[in-house]
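The sequence lines fix the lettering, A, B, ..., with proteins before strands; numbering per chain opens at 1.
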There are 2 protein chains.
Amino acid sequence: MKHPVNCFILIAMKHGNLNPPRKTGRPLSFDRATALHQAMLLFWKHGYEATSLSDLTKAMGITPPSVYTAFGDKKQLFLEAVAHYLSGPLTPAQIINDAPTARAAAENLLNAAVLGDTGDDTPPGCLLASSAQSCSAAAADVQAELASLRGTIETCLRDRISRAIETGEMPPHTDAEMLAGHVMAVIQGMSTLARDGANRDKLTRIAASAMRSWEE
Amino acid sequence: MKHPVNCFILIAMKHGNLNPPRKTGRPLSFDRATALHQAMLLFWKHGYEATSLSDLTKAMGITPPSVYTAFGDKKQLFLEAVAHYLSGPLTPAQIINDAPTARAAAENLLNAAVLGDTGDDTPPGCLLASSAQSCSAAAADVQAELASLRGTIETCLRDRISRAIETGEMPPHTDAEMLAGHVMAVIQGMSTLARDGANRDKLTRIAASAMRSWEE
DNA sequence: GTTATTTCGTAACGATCACTAGGAAATTCA
DNA sequence: TGAATTTCCTAGTGATCGTTACGAAATAAC
């Protein structure tokens with residue numbers, strides 16, 4: 001059985017200069033991975049535009065020129081932070097395609113979102129859902145990039161459901177787009193609820209409530 | 001039967017100086033209501049922080065000092081725009097409490113959200129859900145204000161469900177917090193989907209999918 | 001040791017941010 | 001008409017935005 005291409009790994013590779021092949025010159029005086037992680041946490045909490053370079057350099061422990069030599073500009077740093085966010089421990093595509101059934105795929109995706117929304121060492125909510133909800137015209141391309149990433153997850157889930165219909169796992173009258181869209185809506189809505197203070201237990205029950213749409 | 005207080009009308013009254021009782025002095029050279037409406041549309045599209053005063057004055061057709069004399073500062077203008085957004089044609093509390101059943105309340109609320117998310121003359125999505133998802137520390141109070149408004153709607157719906165349990169309209173084992181939270185999550189998630197390009201038909205089906213959680 | 005290459009911190013760049021003096025203009029009331 | 005009041009526009013305020021010259025410092029190759 002052929003697995004579809006994991007787009008998120010590709011994205012991580014596209015943006016990732018995690019170990020650039022340098023041969024000469026002064027070495028980096030900071031750990032690039034931990035600096036990126038700190039940047040991710042800040043973008044996660046305050047979003048793309050509201051996070052200033054002053055905030056970033058403070059959290060990353062480096063000066064603005066170091067940010068630009070190591071990561072490019074603010075936009076590239078953010079996109080790499082998003083790729084870092086999506087890169088582990090399990091990518092959405094892995095969660096969907098490793099599940100034994102389409103229903104389990106949706107359930108696992110929802111529960112993974114709950115865990116991500118309510119982590120102890122991370123800000124509440126989902127970076128992909130909240131960090132560029134609304135932004136200025138200057139950041140329209142960043143907004144579109146995140147929308148594309150969200151769309152990729154939804155497409156991946158919808159395709160998984162469509163395959164389940166073909167194999168007879170789900171009834172032929174199943175509306176794959178509707179079910180996938182509902183799961184995505186709940187995932188993104190739970191991010192807001194988490195930011196508004198909802199705890200893990202409440203979100204878990206909401207996810208279970210959403211799965212009741214899958215009962216025959 | 002006593003109806004709960006409609007908090008949204010109170011909010012609108014709190015912020016509303018729509019017709020301040022002036023007796024002397026030079027009159028306003030612009031229509032305050034339409035200027036507020038234009039500001040609301042801009043906040044709706046780009047959010048609170050990403051909408052600059054320069055953008056606002058351009059859209060409202062007035063100069064910065066006029067904004068400050070008529071509306072206070074940017075924060076007050078935004079909150080009044082939110083109150084304007086929530087004030088009509090039907091407030092969420094009206095939709096919930098006018099419905100014959102708790103199930104109809106949820107259904108009507110979801111469908112009203114779909115209509116609001118996909119209006120022809122308004123930006124896609126929901127202003128309440130998207131305009132301050134993530135913001136800087138300086139706007140934390142605005143963020144909290146919107147979270148409070150969202151929480152009021154959720155509480156209103158949950159109370160409606162609790163009443164339905166008491167009257168026997170819904171079974172006693174019903175989890176009111178879960179059902180209300182699920183509806184709120186879908187509403188806020190649909191806002192993101194609408195911003196990402198989902199049309200009215202797709203959102204309507206998603207809302208219908210969410211209501212399947214209410215089947216016995 | 002010399003050269004080439006890269007990163008370092010300091011200090012600034014122009015642009016834009018939300019916001020406001022200050023005085024002229026327009027209204028009401030006497 | 002004259003005084004009081006309020007809004008008008010012009011032109012700016014200081015602060016912060018993302019970004020970058022610039023020269024010193026640190027490494028590898030020779």
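An OP1 or OP2 oxygen of dT7(D) is reached within less than 4.0 angstrom by no side-chain nitrogen or oxygen of Ser66(B). For the OP1/OP2 pair of dA4(C) and a distance below 4.0 Å, the side-chain nitrogens and oxygens of Thr24(A) include no atom meeting the criterion. For dT10(D), the OP1/OP2 oxygens have no side-chain nitrogen or oxygen of Thr63(B) closer than 4.0 Å.
A tilted orientation is assigned to the rings of Tyr48(B) and Phe78(B), their planes being inclined by 30° to 60°. Ring pair His84(B)/His37(B) is perpendicular by interplanar angle, where above 60° counts as perpendicular and below 30° as parallel.
Listed by chain and residue number, nothing satisfies the side-chain hydrogen bond (donor to acceptor under 3.5 Å, both in side chains) test with Thr51(A) (two or more places apart in sequence, or in another chain). Qualifying side-chain hydrogen bond (donor to acceptor under 3.5 Å, both in side chains) partners for Ser136(A), counting only residues two or more places apart in sequence or in other chains: Glu49(A).
As a whole-Å value, the separation of Leu28(A) CG from dG9(C) P is 11 Å. Nucleotide dA18(C) holds its C1' atom 12 Å from the CG atom of Leu77(B), rounded to whole Å. Regarding Phe71(B), its CZ atom lies at a distance of 12 Å from the P atom of dT7(D), rounded to whole Å.
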Annotated protein contacts, base or backbone, on nucleotides 18-24 of chain D with a non-hydrogen cut-off under 4.0 Å, one of B, S, - each = SBBB---
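The side chain of Ser29(B) lies closest to dC8(D), out of dA26(C), dC8(D), dC8(C).
Counted by atom type alone, Arg163(B) and Asn97(B) present one or more donor-acceptor pairs between their side chains at under 3.5 Å.
Other residues, nucleotides and ligands place more than 12 heavy atoms under 6.0 Å from the NZ atom of Lys74(B).
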